[in-house]
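A quick write-up on the structure given underneath.
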Amino acid sequence: MTRWGMVIDLDRCTACQACVVACQMENNIPPADRSDSERGRGIAWLRLVPFQEGEHGTRPGLHLVPLLCMHCERPPCTKVCPVHATNPDHEGLVGQVYARCIGCRYCTTACPYTVRQFNWKLPQWPEPMEQALSPDVSVRPRGVVEKCTFCNHRLQRARDQASMEGRSLRDGDYLPACVESCPAEAMVFGDLDDPRSIVTRMSASPRAFRLLDELGTKPKVIYLSKGESGGDV
Amino acid sequence: MTIARRQFIGLMAGATAGAAIGLPGGRLFSNALLSANQPIYPPRGPEEFILSVCNACPGGCGIRARRIGNRVVKIEGNPLHPISGGRLCLKGQAALQALYHPDRIRTPLRRVGPRGALASFRPTTWETALREIAARLRSVREEQRPESVVLIRGAGGEIGTRVARRFIDAFGSPNDIPFDRASEASAAALFLTQGLRATPASDIRAADYILSLGSEMLEASPSPVYTTRAYGDFRQSHAARRGKLVHVDPRLSITAASADEWIHIQPGTHATFALGIAGAMIAEGLHDREFVGDNSTGFDDGPDGGLSGILEQHFPLEKVAAETGVSVNVILRVAREFAGAQKGLALAPNKGPLLGGRAFDHLAVHILNAVAGNIDQPGGLLVAEDVQLEVSPSERDAIAAAGHRRPRLDGVGGDSLIAGDPEQLAQAFATGQPYRAEVLFIVAADPLYASTVHDRFAAAVEHVPLVVSFATIPNDTALYADWVLPEPHFLEQWSLHTSPASVAFPMVSLGSPALPKPLHDVRSTGDVFLDLARRIGLQHALPWPDVPALMHAEVDRLFEARRGAIMGTSFDAAWVRMMEGAGWWAPGYSTAEELWKRSLESGGWWDPFYDHGDWGRVLRTASKRFDFRPDIVRQFAESTSAPAEGAGSLSLILFEPLPIAGGTGAELPSLQALLDPGHEERWQTWGEIHPETASSLRIRDGALIRVASARQAILVRARVTDRIVPGAIAIPVGLGKMAGGRWSEGIGSNPLRLLDGAREPFSLLPDFGGAKVLVSEATPSDQSTVKRT
Amino acid sequence: MATSELDQDERLFAPIETTQPRFWIFIGALFAIGLWGAFAWWTQLRRGLSVTGLNVPVYWGLYITNFVFFIGISHAGTLISAILRLAQAEWRRAITRAAEVITVLVLFFGMGCVILDLGRPDRVLNVLLHGNFTSPLLWDVTSVATYLTASTIYLFLPLIPDIAILRDRMPSRRWLYRPLALGWSGSPRQKRILERTIAVMAVIVIPIAVSVHTVVSWVFAMTVQPMWHSTIFGPYFVVGAIFSGIAAIILAMALIRKAYHLEDYLKPIHFNNLGLLLLVMCLLWFYFTFAEFLTTYYGGEPMHMVIFLSKTEGKFSPLFWTMVLCCFVIPFALLANHRTRTKVWGTVAASIAVEIGMWLERFLIVVPSLSSPRLPMTAASYVPSWVEWSLFAAFISIFILLYALFTKFFPIVSIWEIREGREHSVSEVTTRVLSYLPGASHE
Ligand code: SF4
Ligand code: SF4
Ligand code: SF4
Ligand code: SF4
Ligand code: SF4
């Protein structure tokens, strides 16, 4: 079995937000203008959230955490979709069917991580910006929900590449855009079921934790806290 | 009441049914009625990856553009490139929005109306523009006044700028005036202590303890991706142990948030703190005796016991503690930690490309590094060897030679610590002294936005008969020019970049156009100056038909250097193996032609080898030793006085968020939405104030506030937070532009306007440190008078 | 004379046979508001939900609030009248129909709210084509549809005899009444069948009604969101539904009574009795609300406390305390007091308060939990837009309009049941009451 997952090392992460823009550029996310942005309607599949822990003593206590879809193994979002428009696939990618979604936004309210985005209006690119649109990712219509797909179109590309070279998929062949861009190399991606993969070994680090683990959603995005590397790779 | 009942019922029924059931589905409905689907035109054609160099900032990252048919659909890092290592920052990622920006300049523009408004410009042709500019240049030379042609340019590792400089030189003007505030202060410190004209590079990757004295290295580095990559390894490198980062600053910046410890000190006391640490180290005998003994002067020799004597006398811990507001214990602890670290590294207060800081702050930190023995050591302060590309020093004709004997208009030269002096330049423009400026070229710089004397500058520009500005998207300076010449986006042109500041190895990055032809009627700055050279008969100095030809010539020159390697080949074995696993193969070279070809295939050439402790190279003072400059330290010590506290007046702290650092980025919507992850600020300029200060000034969080200096007032959004010390206000630089297109014009405000052009006495660098502002909640009248945020 | 007129129930035929101009003015006004709503909806269809005040993370707002509210109201009629029928409460006869009509009509508007809320109403049929039965929304669709069908039948059955009466009385409208009367002749056999079916429906309809609002509550309770994920939401919602339902009946009755001068049919005693029911629900509602908030507060789970505090002392507190005032303090004061309860205005005033309060309650369930998500984010606060308010107003107007039109075609008080009451029940009840008592029964 394959279980795609991501490890984010918060000790390396500098909150530079390269991943955020990389995602927008890769996935044809329309640029939000000022008013949308200020009304919280700018679409971002990945964003940094500030956690403030206590007062600022000599420890800064401000943690900036990249937040994307956790591709939960027990996703609260997919259960509630009335039309099967969002489903986990056999490799654990939680996908969206834009053509079927009725825009009820039940999934968005059910997701405890608030990472689902809604197309409040028709996505638009002032001429000639539409020329930068990638052919690999469909542009969403107005009125449907979207979210991080773990760049599953890149999995397709990686598979084709591998089969062209007559080999099976290797660790590192399939990298989402955010992971590829991260200058601090804080993001690592791979198969959590492959004991030799880097993600598997890193997710075993004593620094590893998951967001809202207590809800039993079983996130496949795993974070490494700041601090001495406890012998993780 | 006249309507017959039955029609009535019909209507009702319709209305209700409509409201209750909703109309049944179908594409026709969703497209025609709802217009819910965006008609898009996916690019057709083969997929190609073109190597180029990002120019969204001076960082110099090697990139690869993913092209499909005739469209670039994604920018990624070039995995072989030593700066980017296949990674990119958010600006590099967003650069596609600049390429396809709807408000790009599409043809040459000539001004027909008053300065300062885009509406005053009319489209024209390249032929007209170049003919008229050339005519003016020719007449100036005929009048034997070549010096009256002025070039204001940015950092200038990029080839267009270098062609412009070569042109000005051959033309015969000494006025090649850099407008690059980023590295002046650190360069000054290096020159004062090591006698070198260069910018020091901090070896963050190899350090194991970084004492950041207000250095926003993670936001405002000269090469963000390179620094961020280095930081990642500094933290969790697979080999070494985790490095520790201590950030000393009045503000909890993004860098501070990443730090293990944030020591908040009083604004403007970084130098005092650094010297305090140095003093404590010396007092405890923790300084690097070997380096100090063998390679330095002015440590304990000379008047009043050299540095150690002066520190002992003028920087007792209690005094330092009092001034900085940090307890003696903490200072001592940090001093011991820093001294105890194997590879300690102190970083100077660099707040960003536009806010390089005060020379003395950098000097103090440089001295601290020297005391700790971090000069030219792994994990310390290095100096890049520069690589000789100039094909041949462009020979000057008689007129040119005469011109070069004149002084520079901004009075800079000889031992001055600044590279350029916009204020003096403005003065010279206005007064026509020492001589009149006839032609002004502005390349890769936006002094009207970024200088602290923009209004004087704007007024002065009026006195220059011919002002030519080069830009891709109109910037504030362009609005004041007579001619605006549209530059290609970096994905539309050939590029050649040398090492950015803060990178410790020589490097030449090459890039070819990612688009078969530019989107608009644009010409590269290099080609424009080559063309002008032909028109006015300077071929002897600039004989090349076009930029690629020049690049080729320069790479041939590189071949003669007989060193370095094609990018990729000299990475450590694991790296190369990983690359080749990913299908990359980078050969060495045996001929100049091969070097040229392979460099284009792999992204360029570099020389990863660094010879640490090569004192002959890095210590160029008269004494061939590191000079601790006790003289300057004493001056400072005697001049220091606790900043005066005016009623309700706050210390102004400026910083540059990464998305808009260097005064670029505001024009891209994706960046406007990501101004600050800490406060989730977007599309506005904000001011950070401590809760105590806020309540004493009766300022609510989120309120619109008026920030006023003696010079001007701006409006910003109050952000009440304990991420800053009381008695100060921190405001980001990068918004508040007159130009920049639909997403930039009139968004936010520019705090540089608050500065009164105060200068640091001995360096003449702009001094942001002592600035004070009055802050109050904005009244409705303010909102009408002052520009809305 | 007067008595004879009353015996003939002429008052009940009057609204159907004669209509004053002011009625049409009234209708016209309502229709105008309806048209304005149509325009608002058109705007939303063209420009998408960007014309609402919704945002991230407040994905749901007025539309979902109204959905819960309207479905709640629907518990007025069918449920109440079914219970009263089964309980053989004789005072029900004058009010059951007025109540049942509310149910049938308001359900459409409940469903309508969901349609309004969809990003892609054009794809609403996907719910049938690709239904996912693990989704509470689909449970909703199912139970509401069932409830609508059952209620419609349950409204129609008792109408048949009255339609027959009208058929024979108004030749001009045979085209309408004849087919609907299903050839009712009033034969004992027909009577027997009708009464049995009504009784059966009454039994069936109660669990369905209960299920409906239980399932509505599960739309929220099945998520893991703070202050939604609660086990008592089912009964809590049902209680609230009946609460607002009864208030709705009282208001409807008061209007009809005034408009059609039915003081002799809808007497203070009816209002008093319903008032008592309302009082019971008021106390139940308070009990559930108290239980819900106490457990949250006592548990003190941080995530839940954020929402709790935003309601009790945060930015939603004005709405919250108004809700407490309207749902408990005011109605309790008015209804617990015999003097005010027995007055029509007393129960009416209480009912108005309850409707306002219950709407606020629905709003305070939907919005605050979304406003402060578990993970920090700058939440743009939610302010409903003109489009949302317009559609709310339009729905209410059109509802009243349809209700008014109903009274123009069918008796809003069941004529035959009233007559039956007069003719048989009096004696029936005496024997029934006697049968409850020892000794008094006579073999
Ligand atoms: S790109 Fe990497 S370092 Fe930058 S914010 Fe994203 S995860 Fe953090
Ligand atoms: S994070 Fe949210 S959206 Fe993603 S799978 Fe989990 S619940 Fe669904
Ligand atoms: S919004 Fe779309 S994906 Fe989400 S629950 Fe509704 S239909 Fe499913
Ligand atoms: S994995 Fe792909 S889709 Fe998900 S956040 Fe990263 S870039 Fe965006
Ligand atoms: S650091 Fe500068 S050069 Fe590198 S990608 Fe970012 S903007 Fe481009």
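In what follows, every heavy atom counts, from backbone to side chain, and hydrogens, waters and symmetry copies are set aside. Chain letters run A, B, ... following the sequence lines, proteins first and then strands; every chain starts at 1.
Looking at A:Leu212, only its side chain comes within 4.5 Å of chain C, counting heavy atoms on both sides. Residue C:Val141 does not touch chain A at all, counting heavy-atom pairs closer than 4.5 Å. Contacts of A:Cys77 with chain C are absent, with no heavy-atom separation under 4.5 Å from either backbone or side chain. Heavy atoms of A:Thr78 lying under 4.5 Å from chain C belong exclusively to its backbone. With a 4.5 angstrom heavy-atom cutoff, C:Thr52 touches chain A via backbone and side-chain atoms both. For chain A, no part of C:Leu129 is nearby; none of its heavy atoms comes within less than 4.5 Å. Only the side chain of C:Trp228 comes within contact range of chain A, judged by heavy atoms closer than 4.5 Å.
Ring-centre distance between A:Tyr106 and C:Trp60: below the 6.0 Å cut-off. Aromatic pair C:Trp36/C:Phe39: centroids less than 6.0 angstrom apart. Aromatic rings from C:Trp359 and C:Phe392 are positioned such that their centres are separated by under 6.0 Å. In this structure, C:Phe293 has its ring center under 6.0 Å from that of C:Phe320.
Across all non-hydrogen atoms, the minimal contact from A:Ala208 to A:Ser203 is CB-O, 3.4 Å.
For the pair A:Arg140 and A:Phe118, the cation-pi criterion (under 6.0 Å, within 45° of the ring axis) is not fulfilled.
By number of non-hydrogen pairs under 4.5 angstrom with chain A, the leading residue of C:Val219, C:Asp140, C:Val114, C:Val127 is C:Val219. Ranked by heavy-atom pairs under 4.5 Å with chain C, the list A:Lys79, A:His84, A:Lys121 is led by A:His84. Ranked by heavy-atom pairs shorter than 4.5 Å toward chain A, the options C:Asp117, C:Val51, C:Ile64 are led by C:Asp117. Ranked by heavy-atom pairs under 4.5 Å with chain C, the first of A:Val83, A:Leu67, A:Leu211 is A:Val83. Interface check for chain A: of the options C:Thr223, C:Asn132, C:Asn126, the most heavy-atom pairs under 4.5 Å are formed by C:Asn132. Note on A:Gln117, A:Arg100, A:Arg47, A:Arg116: by heavy-atom pairs under 4.5 Å with chain C, the leading option is A:Arg100. Between chain C and the options A:Val49, A:Ile102, A:Val80, heavy-atom pairs under 4.5 Å are most frequent for A:Ile102. The choice from A:Val115, A:Asn119, A:Leu215 that makes the most heavy-atom pairs within less than 4.5 Å of chain C is A:Leu215.
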**Message:** Go through it in stages, so that I can follow the logic: the residues are A:Val145 and C:Tyr59, the test is side-chain contact (heavy atoms from CB on, under 4.5 Å), and I'd like the CA-CA distance, side-chain angles, deciding distance and then a yes or no.
**Reply:** CA-CA 11 Å; A:Val145 158; C:Tyr59 297 98; over 6 Å; no

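Under the 3.5 Å distance criterion, the side-chain polar atoms of A:Arg105 are matched with a main-chain donor or acceptor of A:Gly103. Checked by atom type and distance alone, the side chain of C:His213 pairs as donor or acceptor with a backbone atom of C:Val68 at under 3.5 Å.
Other residues, nucleotides and ligands contribute more than 12 heavy atoms inside 6.0 Å of the CZ atom of A:Phe51.
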